[in-house]
Amino acid sequence: MSQAASGYALAIDIGGTFTDVTLAHRASGRIWQIKVPTTPADPSQAFAQGIRRVLELAGIGAESIDGVFHGTTVATNAILERKGAVVGLITTEGCRYVLHIGRHDIAKDAYPYSWIRPERLVPPRRIREIPERLRADGTVECALDEAACTRALSELAPHKIESLAVCLLHSYANPVHEERVRALAASALPGVPCSISAEILPVFREYERTTATVLNAYVLPKVAGYHQRLEARLGEMAILAPLRIMKSNGGMYSARAAAQQPIHTALSGPAAAVVGAILVGETVGQRDVISIDVGGTSADICLSQGGQPAITGGGEISALPLNVPMVDVHTIGAGGGSIARIGANRSLTVGPQSAGAEPGPACYGRGGTEPTVTDANLVMGRSPAQLGRELSLDVALARRAILEAVAKPLGLSLEEAADGIVELLNNNMATAIRAVSVERGYDPRKFALVAGGGGGALHAARLAELLGIPLVVVPASAGLLSTLGLLATDLKTDFVQTVVQTSGAYDLEKLNATFASLERRAQAWFEAERVEPSTAMTVRTAGLRYVHQGYELTVRLDDAGASGRSSPLTDADVAALKARFHQEHERQYSWSSPSLAVELVNLGITAVGRLPKLTLSRRPKREELALPASSRTVYFGRAAGSIETPIYDFEALAPGWTVEGPAIVEQRFSTVLILPRHRASMDEYGNILMEVRQ
């Protein structure tokens, strides 16, 4: 993996409405950015169009590009919209209904008597059991019946299977049977891709492991075809740089690997925005940040401490468990397109339903009639009537929608109704931020709030007031924050293995053998990704829990070494590991019990191949004082009322600029709202820092 740090890199993030493209000269930090409309029928069209336009804007030739980084929603959308492949499943005899039995829990926000179990991706008619069985330690109890397996595979053929999933009992301890089934499937179902659980998620818990494997098989054909189209588009433009895809864990992997295990891209875009927020936070001396990325339909929220995002192994997508390592992003239906409605009891709700891009908010003039958050911000004067060069907004249509649907039914003035819509959305987002901070033992007042996305900077100041956060950071490229994250991450993958052992009986020989096996897999991955030894490193982790607990906490071991073998575990290492587990349990749950036995459940290796990073450029200083470009009347709620507010053009500002709120700064792709009593300034990188005075 040889990349010149002085070269140019492309970052492309495809959203539901717009495709964001950033071209960066990594050494100098100079960037060029554009947005182009997303092409849902074939996202690769917008991908190519955006690249051509940004190269033309910068006057750069294709030969100068040495890296292409992409955040994708193809796998996510296929799952959410249930538009994946026709999947067949091979499982152990007696396990046919693992998917359908699931767990005895329901969605957290669902009323028990109205909750409906989410539809499974593979119906029983496309599931076949085969005679075989492994014990939990990986030894063979019943050998694989290859003749029966071949018959089962042939029975799936008439169902026109497009992708095959294989999940056999205890295969995480020994993949031999799954690997043999895959070999037999290559003959029985030629051309059908096969996903085996021993490679997708080699850990215990049959329902979660089966679901992850099925999800991978479900999206694999679509994602593989999509990546082939992307690479073909790059070839047409004579861009020879490798294409890398953002993973849900905040790292990158090759397009080839992504085509084989696409399930690791389920949170690709949101993870990139989190990495971008960490990058911006570090430039202003804030390593503990809470990031919000507010788009048209949703808001993505994540807490990062010490420059590292929170990682979870217990996520979900579309009400299905997805226990692969991923950045712990909390997503809610709160965005500019969130629709405001009056319920039967005259209560106001905002979201999660969204007007989307078509027809969009009423002010778009595309046929939408229901009021949205974008309409409310426009009516109060907080949003400009012109969004960059892309879209003009119709204030009259926004006023009519809010007046008819909200203000009149509730007996409110137009401004009060609009303020109520925005304030309700703000409180929904504040509740989500508390979920990733207060509910997990973190004090949000000790973090900075980094606001990204098209709508983040409009709501960040009020969110900070609600949560007592003292500092808001609005990046210079807030509207394309995720593309900055794509340029600030490393190659990264996780290997994990279940090895259940109880405190007092840890088998160090077995633990060290497991780590050695994981490190060999990491070394093979380094070679496949062409990672140079000088840029490679591994970090060891362990999942632990108290005896009789149902779930474990992942704790990082202290040492992080190069791609070779780490030093063997000792009794002292295990004692230190348990001590860190007790501390983490105390922090998250406010109690711990060192007298209880501790089970070691999983061992893991995180392999990292460091990539050249984007160095953010400093903004030129100016002697003259920036003056407001204009002013307009802005409504700030009942207490403050309407105030004639100065409007600043972001491009006219320079480091050292300060203002006392109220004020508005209009960036090309976002709008920064500075509330009364708050103080804002611009730092040397062009970030706007808001001091929140409670």
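We're numbering straight along the sequence, starting at 1.
Interatomic distance, S291 OG to L303 CG, rounded to the nearest 0.5 Å: 8.5 Å. To the nearest 0.5 angstrom, I433 atom CD1 is 9.5 Å from N426 atom CG. Expressed to the nearest 0.5 Å, how far OG of S413 lies from NZ of K408 amounts to 13.5 Å. Note that CZ of R53 and CD1 of I34 are 4.5 Å apart. Values are rounded to the nearest 0.5 Å. The CG atom of L23 sits 9.5 Å away from the CZ atom of R30 when rounded to the nearest 0.5 Å. Remark: L689 CG to H678 NE2 distance equals 14.0 Å, nearest 0.5 Å.
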Test side-chain contact (heavy atoms from CB on, under 4.5 Å) on C302 and V436 and set out the steps.
CA-CA 7 Å; C302 183; V436 303; over 6 Å; no
With side-chain hydrogen bond (donor to acceptor under 3.5 Å, both in side chains) as the test, would you mind laying out the steps for Y685 and R619 before giving the verdict?
CA-CA 5 Å; Y685 295 98; R619 195 173 179 88; over 6 Å; no
Any chance you could lay out the side-chain hydrogen bond (donor to acceptor under 3.5 Å, both in side chains) test for E415 and S642, step after step, and finish with the verdict?
CA-CA 9 Å; E415 290 77 13; S642 296; 6.0 Å; no
List the steps, then state whether side-chain hydrogen bond (donor to acceptor under 3.5 Å, both in side chains) holds for T331 with D300.
CA-CA 5 Å; T331 301; D300 299 321; 2.7 Å; yes
Let's go through V422 and R382 carefully: what are the C-alpha distance in whole Å and the side-chain angles of both, what is the deciding distance for side-chain contact (heavy atoms from CB on, under 4.5 Å) to 0.1 Å, and is it a yes or a no?
CA-CA 11 Å; V422 172; R382 300 181 179 185; 3.8 Å; yes
For the pair V473 and L449, evaluate side-chain contact (heavy atoms from CB on, under 4.5 Å) and give the outcome as yes or no after the intermediate values.
CA-CA 6 Å; V473 182; L449 183 65; over 6 Å; no
Please test T349 against R341 for side-chain hydrogen bond (donor to acceptor under 3.5 Å, both in side chains), starting from the C-alpha separation and ending with a verdict.
CA-CA 5 Å; T349 62; R341 291 173 177 161; over 6 Å; no
Test log, rule side-chain contact (heavy atoms from CB on, under 4.5 Å), inputs M380 and F636:
CA-CA 8 Å; M380 290 190 291; F636 289 97; over 6 Å; no
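Using modelled atom types, no side-chain atom of E404 and backbone atom of A401 make a donor-acceptor pair closer than 3.5 Å. At least one donor-acceptor pair closer than 3.5 Å links the side chain of T645 to the backbone N or O of I643. Remark: side-chain polar atoms of T39 are paired, donor with acceptor, to backbone N or O of A46 under 3.5 angstrom. Side chain of D375 to main chain of T372: a donor-acceptor pair is present (N/O by atom type, distance under 3.5 Å, no hydrogens or angles). Judged by distance alone, with hydrogens and angles left aside, the side-chain atoms of T489 form no donor-acceptor pair with the main-chain N or O of L486 at under 3.5 Å. Under a 3.5 Å cut-off, the side chain of T72 and the backbone N or O of V74 do form a donor-acceptor pair. A side-chain donor-acceptor contact under 3.5 Å links T76 to the backbone of A266. Judged purely by atom type and a 3.5 angstrom limit, N687 uses its side chain to pair as donor or acceptor with the backbone of A476. Between the side chain of K247 and the backbone N or O of I245 there is no donor-acceptor pair closer than 3.5 Å. A distance-only check finds no donor-acceptor pair linking the side chain of D293 to the backbone of A273 [under 3.5 Å].
No side-chain heavy atom of F447 sits less than 4.5 Å from a side-chain heavy atom of Q286. Side chains of L410 and I342 form a contact here, defined as non-hydrogen atoms less than 4.5 Å apart. For the pair V665/I674, a side-chain contact is recorded, criterion being any heavy-atom separation below 4.5 Å from C-beta on. In this structure, the side chains of L471 and M690 stay at 4.5 Å or more apart for every pair of heavy atoms. Between V68 and I239 there is a side-chain heavy-atom pair separated by less than 4.5 Å. Looking at heavy atoms from C-beta onward, H459 lies in side-chain contact with M429 at the 4.5 angstrom threshold. Two residues are said to be in side-chain contact when any heavy atoms from C-beta on lie closer than 4.5 Å; L234 and M237 meet this criterion. Side-chain contact between R82 and I79 is present, with heavy atoms from C-beta onward closer than 4.5 Å.
Ionic pairing of R233 and D42 is present here: one or more N-O contacts between side-chain nitrogen and carboxylate oxygen are shorter than 4.0 angstrom. Using a 4.0 Å cut-off between charged side-chain N and carboxylate O, E644 and R632 make no salt bridge. Salt bridge present: R462 and E465 bring a charged side-chain N and a carboxylate O closer than 4.0 Å. Of the charged side-chain nitrogens involved, none lies within less than 4.0 Å of a carboxylate oxygen, so that E236 and R229 do not count as a salt-bridged pair.
Between P409 and L403, the closest heavy-atom pair is CD-O, 4.1 Å. In plain terms, the two heavy atoms of V472 and A464 that are nearest each other are CG2-CB, 3.7 Å. Here the closest non-hydrogen pair linking G637 and D419 is CA-OD2, 3.7 Å. L466 approaches A430 most closely through the heavy-atom pair CD1-CB, 4.0 Å. A pairwise comparison of heavy atoms in S670 and G453 identifies CB-O, 3.9 Å as the closest pair. Heavy atoms only, all atoms of each residue included: A241 and G67 are closest at CB-N, 3.4 Å.
Under 3.5 Å, the side chains of S482 and D13 contain a donor-acceptor pair of N or O atoms. With no hydrogens or angles considered, a side-chain donor-acceptor pair links Q386 and S392 at under 3.5 Å. For Q353 and S338, the side-chain atoms include no donor-acceptor pair closer than 3.5 Å. Side-chain polar atoms of T38 and T19 form a donor-acceptor pair below 3.5 angstrom. Side chains of T658 and S681: a donor-acceptor N/O pair is absent below 3.5 angstrom, by distance only.
Between Y8 and W32, the ring planes are tilted. Angles from 30° to 60° get that label.
At least one cation-pi condition fails for R26 and F69: the charged atom is not both under 6.0 angstrom from the six-membered ring centre and inside a 45 degree cone around its axis.
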